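Here is the naming used below: chain letters follow the sequence lines, and residue numbers restart at 1 for every chain. Note that the structure is a prediction, hence the values are computed from the model and not measured. All values below come from the heavy atoms of this structure, side chains included, with hydrogens, waters and symmetry mates left out.
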Amino acid sequence: MHASPPTDTAPQGLLDGLNPEQRAAVTAAGSALVLAGAGSGKTRVLTTRIAWLIASGQVSPWGVVAVTFTNKAAREMLARLSALLPIDTRGMWVGTFHGLCHRLLRLHHREAGLPQSFQILDAQDQLAAIKRLLKALDVDSERFEPRRVQAFVNAHKEAGLRAPAVEAPDPYSQRLVELYAEYDAQCQREGVVDFAELLLRAYELLSRNALLREHYQSRFRHILVDEFQDTSRLQYRWLRLLMGPETALFAVGDDDQSIYAFRGAHVGNMAQFLQDLGLAEPIRLTQNYRSQSNILEAANAVIRHNRQRLGKDLWTTAGAGEPIRHYEAQDDADEARFVVELVQALHEDGRDYRDIAVLYRANAQSRAIEHALFTAGLPYRVYGGLRFFERAEIKHALAYLRLTVNPEDDAAFLRVVNFPARGVGARTLEAIDAAARARGTSLWQAACAMGGKNKGLATFVALVEDLRRATAELPLAEAVQTVVGGSGLIEHYQSERDGAERIDNLRELANAAAAFSVEADSQDLAAFLAHAALEAGEHAAAAHADAVQLMTVHAAKGLEFHTVIITGLEEGLFPHENALATEGGLEEERRLMYVAITRARHRLYLTHARTRMLHGQPRYGLPSRFLDEIPPGLIQSLGRTAAHSTPVAAPTRTQAYPYPIGCRVQHTRYGEGVVMGYQGQGAQAEVRVSFPRVGEKWFILAYAKLSPC
DNA sequence: TTTACAACTGTTTTT
DNA sequence: CAGTTGTAAA
């Protein structure tokens with residue numbers, strides 16, 4: 001069980017190639033805080049330290065906890081670790097906060113007051129559960145918007161507060177607190193747990209159960225945390241609970257990359273940590289191994305505008321590199337066209353598509369760029385958006401699966417009791433609900449009791465029982481296949497216009513289950529369902545294909561690319577207007593910009609559009625202040641002409657429309673109006689005109705008798 | 001009960 | 001503009 005005694009050579013070899021600061025961090029005795037700038041080799045330090053601790057016999061793999069922020073980072077850490085050391089990493093506690101808390105709760109579900117096969121609600125499920133609750137309690141969902149209730153519940157759980165502990169100064173908050181309590185009661189009844197609950201429940205489990213706490217405290221000798229600046233107060237308190245007198249906490253973070261305050265991240269944890277453990281100074285890693293110095297200087301210059309920081313400047317031995325290039329686009333379509341032409345030009349120079357990332361502040365911005373790349377025939381891959389396990393058809397299939405594990409799962413029941421439609425409508429549902437309420441049972445039990453009354457309902461009950469029986473003894477992948485096949489979902493989507501992709505996804509679900517059972521060495525359906533909720537599924541198609549990478553700045557954190565294009569640099573968009581209204585919002589937006597810039601190794605392009613379509617309306621934005629914060633000497637401006645001098649004519653290029661947007665035109669019937677936009681090509685092309693009295697109208701360009709004024 | 005369509009509304013970032 | 005919600009008709 002214990003690691004072999006230290007050998008002189010093995011641990012030393014691990015330190016080869018590290019700079020003095022990195023080495024100090026890896027070998028630090030006891031607890032330490034590492035302030036690791038972007039591209040300073042933070043992940044390497046973290047994994048090397050674990051390897052070094054194990055190889056030098058200071059700890060066994062069994063005594064290590066490593067917490068990361070994303071599943072991807074956890075996987076990467078395990079992969080690097082097993083490359084450094086010949087150990088079996090499967091028993092190690094490496095994962096996200098949510099993943100580790102989930103593990104803890106599964107192991108000790110009884111002590112945590114949860115049923116053995118408790119299920120996890122993702123954000124979508126949680127919202128649905130709240131809507132259902134509001135309806136059941138007959139709450140005016142205009143006054144108590146479901147999203148707001150959800151935010152209220154999550155914010156307080158993340159602060160470690162249960163409903164009775166929440167202060168409610170006014171009647172409105174009082175009602176919210178009541179709803180919080182009701183929501184928790186409903187979850188408890190149904191045996192489900194939301195994301196925030198995973199953390200809070202795990203925290204409470206350890207804080208209330210001294211025996212359990214002491215067990216883990218003496219077991220875990222080294223706790224390592226990645227992206228420490230993104231931990232919440234509760235997460236930090238959880239870590240502290242896990243620490244015994246002999247436990248060392250090694251936290252790596254960068255306050256300049258703290259971009260999740262909106263979700264409860266508390267940068268103050270870094271200072272708190274120093275204070276709690278009596279540490280004087282963090283270990284600073286400031287040498288950057290990623291970017292050319294022009295890029296680094298731009299990043300340093302931007303982040304220097306923030307007041308709230310621990311302070312550090314990145315440096316590099318790399319050369320200045322190319323200037324940063326800035327393009328001012330006419331509108332979002334022009335911006336997208338610039339991206340297309342740039343990608344084509346870079347590719348002709350021999351650059352792989354996968355080396356190029358297009359970043360944006362908000363997901364909605366991807367559409368225009370995707371459209372342009374698609375029509376130009378360029379390969380691209382979009383990160384984020386709807387993930388595999390979040391797709392409606394997958395959630396339906398998962399609901400059937402959940403019912404085979406636990407038919408009392410009301411949320412799953414409601415999701416599929418009438419999907420595909422089998423004649424169980426609102427009325428029947430009301431009756432089931434009333435019966436369940438009267439007898440204090442789950443919807444499923446009520447449905448079973450009144451089975452014969454409604455033919456569709458009886459079919460459904462029989463179906464779920466059949467599936468349950470049929471899958472009881474099957475290995476995971478086959479069970480999934482059986483349920484998907486028996487659910488009738490495939491037949492349903494076959495009759496739908498664009499159901500083909502959905503059917504493909506349903507088939508893919510069985511593959512995902514097979515992959516899971518190999519990877520996790522488990523045939524447990526409940527575990528697979530938890531995996532689906534916790535890891536919404538990167539596993540999208542062709543991760544390794546050569547394609548331009550499209551993602552939000554948030555999603556780009558931790559990644560790096562040869563070339564980065566940051567789009568939408570307009571006031572109101574980046575920095576986002578909503579952020580400007582909140583305390584400290586601007587500084588967080590600036591950190592976001594800092595993260596975006598530091599993703600680039602060699603080339604950085606910045607674009608902004610003078611007008612951008614938003615909610616179907618044009619919007620005018622001034623260039624982002626972040627552009628002004630970059631020293632002018634580092635930036636080269638690309639004029640419109642320069643961009644268009646690229647010989648490749650993008651096939652996306654909007655055809656010549658007769659009147660520019662904003663042009664005043666005369667219509668024979670409605671009089672004078674203003675051209676707002678166009679749609680379609682050739683003979684079907686339509687024009688949208690806004691008239692003072694009648695509002696906006698669409699006309700077929702070829703027929704509308706318009707003349708310029 | 002289901003379907004079709006009109007009206008309305010809201011849009012930051014996510015484990 | 002798109003996704004959701006509500007109302008009317010089949």
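- Residues meeting the side-chain contact (heavy atoms from CB on, under 4.5 Å) test with Ala362(A), sequence neighbours left out: Gln365(A).
- DNA chain B is contacted by both Ala421(A) and Thr582(A); Ala421(A) maps to the nucleotide lying nearer its 5′ end (nearest heavy atom per residue).
- Atom C1' of nucleotide dG10(B) and atom CG of Asn578(A) are separated by 11 Å, given to the nearest angstrom.
- The side chain of Arg422(A) contributes no N or O atom lying less than 4.0 Å from OP1 or OP2 of dT2(B).
- Gln229(A) places a side-chain N or O within donor-acceptor distance of the main-chain N or O of Asp254(A), the cut-off being under 3.5 Å.
- Scanning for salt bridge (charged side-chain N to carboxylate O under 4.0 Å, His left out) contacts around Arg201(A) gives Glu197(A), with sequence neighbours left out.
- Partners of Asp125(A) according to the salt bridge (charged side-chain N to carboxylate O under 4.0 Å, His left out) rule, which considers only residues two or more places apart in sequence or in another chain, are Lys395(A), Arg402(A).
- Nucleotides dT4(C) and dT13(B) place their P atoms 16 Å apart, quoted to the nearest Å.
- With sequence neighbours excluded, the residues that form a ring-ring contact (aromatic ring centres under 6.0 Å, His included) with Phe144(A) are Tyr172(A).
- Checked against side chain to side chain donor-acceptor pair (under 3.5 Å), Tyr360(A) has no partners two or more places apart in sequence or in another chain.
- Separation of the Phe419(A) and His492(A) ring centroids falls under the 6.0 Å cut-off.
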Given Watson-Crick and G-U pairs under 3.5 Å, DNA chain C in dot-bracket ([ ] crossing, | other strand) is ||||||||||
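- Partners of Asp255(A) by side-chain contact (heavy atoms from CB on, under 4.5 Å), not counting sequence neighbours, listed by chain and number: Leu35(A), Val267(A), Met270(A), Arg309(A), Leu310(A), Lys312(A).
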Report all interatomic pairs (protein N or O, nucleotide N or O of nucleotides 8-10 of chain C) with separations under 3.5 Å.
none

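- Residues passing the ring-ring contact (aromatic ring centres under 6.0 Å, His included) test with Phe250(A), sequence neighbours excluded: none.
- Here the C1' atom of nucleotide dT4(C) and the CD atom of Glu145(A) are 14 Å apart, to the nearest Å.
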Atom pairs under 3.5 Å: protein N/O with N/O of nucleotides 13-15 of chain B:
from: dT13(B); atom 1: OP1; to: Asn363(A); atom 2: N; distance (Å): 2.8
from: dT13(B); atom 1: OP1; to: Asn363(A); atom 2: ND2; distance (Å): 3.0
from: dT13(B); atom 1: O4'; to: Arg361(A); atom 2: NH2; distance (Å): 3.3
from: dT13(B); atom 1: O2; to: Arg361(A); atom 2: NH2; distance (Å): 2.6
from: dT13(B); atom 1: O2; to: His554(A); atom 2: NE2; distance (Å): 3.4
from: dT14(B); atom 1: OP1; to: Thr552(A); atom 2: OG1; distance (Å): 3.2
from: dT14(B); atom 1: O4'; to: Arg263(A); atom 2: NH1; distance (Å): 3.2
from: dT15(B); atom 1: OP2; to: Arg387(A); atom 2: NH1; distance (Å): 3.0
from: dT15(B); atom 1: OP2; to: Arg387(A); atom 2: NH2; distance (Å): 2.4
from: dT15(B); atom 1: O3'; to: Phe69(A); atom 2: O; distance (Å): 2.8

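- Atoms CZ (Arg612(A)) and C1' (dT11(B)) sit 14 Å apart, rounded to a whole Å.
- Among residues two or more places apart in sequence or in another chain, the ring-ring contact (aromatic ring centres under 6.0 Å, His included) test is passed with Phe413(A) by Phe460(A).
- Residue Asn418(A) is in sugar-phosphate contact alone, with no base atom involved, counting any heavy-atom pair closer than 4.0 Å across all strands shown.
- Scanning for ring-ring contact (aromatic ring centres under 6.0 Å, His included) contacts around His266(A) gives an empty result, with sequence neighbours left out.
- When each of dT1(B), dT11(B), dT5(C) is scored by its nearest atom to the side-chain atoms of Lys131(A), the top-ranked nucleotide is dT5(C).
- What separates CZ of Arg590(A) from P of dT12(B) is a distance of 21 Å, to the nearest Å.
- Look at CZ on Phe419(A): it is 12 Å from P on dT2(B), rounded to the nearest Å.
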